[in-house]
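Just so we're clear, the structure is a prediction, and the values are computed from it rather than from any experiment. Note on naming: letters A, B, ... go to the chains in the order of the sequence lines (proteins, then strands), and numbering restarts at 1 for each one. Worth knowing before you read on, the calculation uses all heavy atoms, side chains too, and leaves out hydrogens, waters and symmetry mates.
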There are 4 protein chains.
Amino acid sequence: MGDTGGVSGAESEGSVRGTDGTGHRRRGNTRKRIQDVALELFAEQGYEKTSLREIAERLDVTKAALYYHFKTKEDILVSLFEDLTRPIDELIEWAGNRPRTLDTKREVLRRYSDALSGAAPLFRFMQENQATVRELSVGETFKSRMIRMMDIIKDPDAPLPDQVRCISALFTMHAGMFVLREVEGDPEEKRKAVLEVAIDLVTQAHGSTGEDRPS
Amino acid sequence: MGDTGGVSGAESEGSVRGTDGTGHRRRGNTRKRIQDVALELFAEQGYEKTSLREIAERLDVTKAALYYHFKTKEDILVSLFEDLTRPIDELIEWAGNRPRTLDTKREVLRRYSDALSGAAPLFRFMQENQATVRELSVGETFKSRMIRMMDIIKDPDAPLPDQVRCISALFTMHAGMFVLREVEGDPEEKRKAVLEVAIDLVTQAHGSTGEDRPS
Amino acid sequence: MGDTGGVSGAESEGSVRGTDGTGHRRRGNTRKRIQDVALELFAEQGYEKTSLREIAERLDVTKAALYYHFKTKEDILVSLFEDLTRPIDELIEWAGNRPRTLDTKREVLRRYSDALSGAAPLFRFMQENQATVRELSVGETFKSRMIRMMDIIKDPDAPLPDQVRCISALFTMHAGMFVLREVEGDPEEKRKAVLEVAIDLVTQAHGSTGEDRPS
Amino acid sequence: MGDTGGVSGAESEGSVRGTDGTGHRRRGNTRKRIQDVALELFAEQGYEKTSLREIAERLDVTKAALYYHFKTKEDILVSLFEDLTRPIDELIEWAGNRPRTLDTKREVLRRYSDALSGAAPLFRFMQENQATVRELSVGETFKSRMIRMMDIIKDPDAPLPDQVRCISALFTMHAGMFVLREVEGDPEEKRKAVLEVAIDLVTQAHGSTGEDRPS
DNA sequence: AATGAATGAGGATTCATTCAT
DNA sequence: GATGAATGAATCCTCATTCAT
């Protein structure tokens, strides 16, 4: 499992022995281990195909143990979502307090790209399990986030093709994450290429409306 | 569900000749009715969440009747896929026999747009159930179709951003189908806007390589 | 399949084209073909594991066609049983009208051996599906036949070991049919060896009671 | 069912400590209770005809409870087989380390008789469900056990009739178990009669080869 | 002499969840 | 902080059988 899949950034899975900062017998990492394994399996096989039995078996605990840490299966997903999408919430908040200039939008895309690659497996999961996720609570949450993102970069009064360009910019970034796994090349370079195209799209969209032109 | 969801174009669901109110002689079309209902439910709720019981109930037949017409649940999906993706197969074949000029690519996108909107629910389904579909036989088939499409419009030696533009063009068309349901506007106009953006993307990708320039 | 499996001795399965003796377009062999295939599958896989679908598929007819010829699945088995065990009925009748001398018993065993190898697959089936067959009508019939056979060769007042010898003689002949498939050697020779042992057993049983001694 | 059917010798079925009449706390022994009931039903009705529903109902638990204790239906049978055929494995091992004299063979038969009657219902089951068992994993296991037993008492270079005698000895013991239920008499006496006949058969087989003669 | 379409009953199996310990 | 044992509801699927044509 890659580190990007880790739920709490820095230390994940690996460091099992040792202290958790307080100097005590480190326990309490089970919750995170559950999240890690769940995310990995959800992303790999989908939400429905991943059973709690499977998660428990991988962790070598019983299903009942999962229920000590999470109220339901859905709750595991919710917790992942909350932990991992905070950067995006912050981005949305940050953008809310700024004028909707082209430069802002470009900066938004740059930051979004970072946020996305910091939680790639989760976003891949959301993308590949839309039908399932739609009837889960995170579905609503995710959708409203996306709508907020669109509000930020898309002008509802612009000509339709320009609106499409903005939507496309966002989706290109999402799709980029897993479609480009099929393409050769250094991941970081690919990310930059995707970002470049997304920025281009938004720039073009802006250009035709003629608000503030890029160089 | 619009008529585009119907499996064999013209008459769908509605026209049930024979005694329908009295007994239940609705001869011969049961197979198609199953496909129609299945597609509708698969697209709406996802593949896993749609049970054969539900399909059967909607049609007012028993589950066993479904098994008379299809060998397995997956088989229903396969049959839908085969029936509905024929136009895309033909498109791929057509494009295979042509030089890969910009004009060809644009024509491919135009035809692809038609093909897509002729089987919108199925494509929406494939998009929203990728995790599930990946381990189904249609998953492989679909993936190989997509790769063929990419071979047609994408130059593997072009700079990365241009390759991304091409991929983005394709995904914009896919995503356009269901994301734009959130946007106001006439469906046909939206389709045209999406197509315009996709063609633009491919054109730009082509331009920077400098093969054959558009006007 | 094999000729011993054929329901009516001489011509089975193979001769499809041609006339059925009257000079007409041979029809009416379907019933027999069903019996042949059913016996083959019953013997190979067991009664429960053999579905009517499978039988029908092998014959390239529909399940419904089977119901034209036989009232139920069980009925197919019953018909096989009736057709194939006639020789044994006749043997029992023949033996019923004779004194129970050692010579009679030996002759019974000889004839029994013939009868058995004339319907080997059916007997193999009966042996290997006793649990199933027990609750079928043929179960009762078969059991009563066996009891009659025992009455013929076994003396209820003989010492227990001698009674066992007689039972063993019969079972040796049954088991001989399929256990010896594991042993190398010419089938006809094996049959003779089995018969020899069976006769020996009955002879010994008789000897100790001292009725009429063999040479 | 007799105690010989019990899976773990001593206390079976009956002794259910805990509140049995009131609630349903009959802790810990559920696994064994499942085995007991399954064996009883398998032997009585056959493997296929015995549904997990039936087993569960008899135990007054849900089907799902069975799946807590056993992975599949087949697994229940496998567990019975493993638990109950250990004595025979030991016998085979014991015999493997000894010269193949007549005395050894006789001792083998004696011990085999004991082993058989210690797991009579299972052996009856194996005998009566051969067709079914053949495609189950225990089928292979059982067959290889039988072949090992034959290796021990049968000389592959002896004349065919003598080989048949040895096979017959083994089958007589198997068949003896359930065919003799039809014959009057004390079970223990019947067992001894069967053993005597089996030993006789092996002795005769040995005698004609002339290795080491009995008294 | 046979088919096409369907049914009702039941099969094994899996799942998320609960709760006393 | 976790387990062992169990449940209830649902899943896909298979089967023997029927009947109008």
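You'll find that the side chain of A/A64 is closest to F/dG4, out of F/dG8, F/dG4, F/dT11. For B/T30, the listed nucleotide lying nearest its side chain is E/dA6; candidates were E/dA6, E/dT17, E/dA2.
Remark: F/dT18 base-pairs with E/dA5. Criterion, Watson-Crick or G-U wobble with two distances under 3.5 Å.
Here F/dC15 presents its P atom at 13 Å from NZ of B/K71, a figure rounded to the nearest Å. Rounded to whole angstrom, the span from the CD atom of C/E54 across to the P atom of F/dC15 amounts to 8 Å. Per the geometry, CD belonging to A/E74 stands 18 Å off P belonging to E/dC15, to the nearest Å. Distance CZ (D/F70) to C1' (E/dA12): 16 Å, rounded to an integer number of Å. One can place CZ of B/F42 at 9 Å from P of F/dC12, the figure rounded to the nearest angstrom. Atom CD in C/E57 sits roughly 13 Å away from atom P in E/dT3 (whole-Å rounding). Spacing between atom CZ of D/R53 and atom P of F/dG8 amounts to 16 Å, rounded to whole angstrom units. Rounding to whole angstrom units, OH of residue A/Y68 and P of F/dA2 are separated by 8 Å.
Between C/E48 and B/K63, the residue whose closest nucleotide on DNA chain F is further toward the 5' end is B/K63. Checking B/A65 against C/R31, the closest nucleotide of DNA chain E that is more toward the 5' end is the one next to C/R31. Place D/Y47 and A/Y67 on DNA chain E by their nearest nucleotides, and D/Y47 ends up nearer the 5' end. Nearest-nucleotide mapping onto DNA chain F: of B/K49 and D/H69, the residue sitting toward the 5' end is D/H69.
Checking C/L39, C/L41, C/I34 one by one against C/V37, the side-chain contact (heavy atoms from CB on, under 4.5 Å) holds for a single residue, C/L41.
Between the side chains of C/T132 and D/E48, no donor-acceptor pair is found at a separation under 3.5 Å.
Contact annotation: side chain of A/K73 to base of E/dT17, donor-acceptor pair absent below 3.5 Å.
Between D/S51 and E/dG11 there is a side-chain N or O to OP1 or OP2 distance below 4.0 Å.
At least one test fails for B/K73 against the ring of B/F42: distance under 6.0 Å to the centre or angle within 45° of the axis.
A salt bridge does not link C/R58 to C/E54: none of the charged side-chain nitrogens sits closer than 4.0 Å to a carboxylate oxygen.
The aromatic rings of C/F142 and C/F81 sit perpendicular to each other, their planes meeting at more than 60°, with 30° as the lower class boundary.
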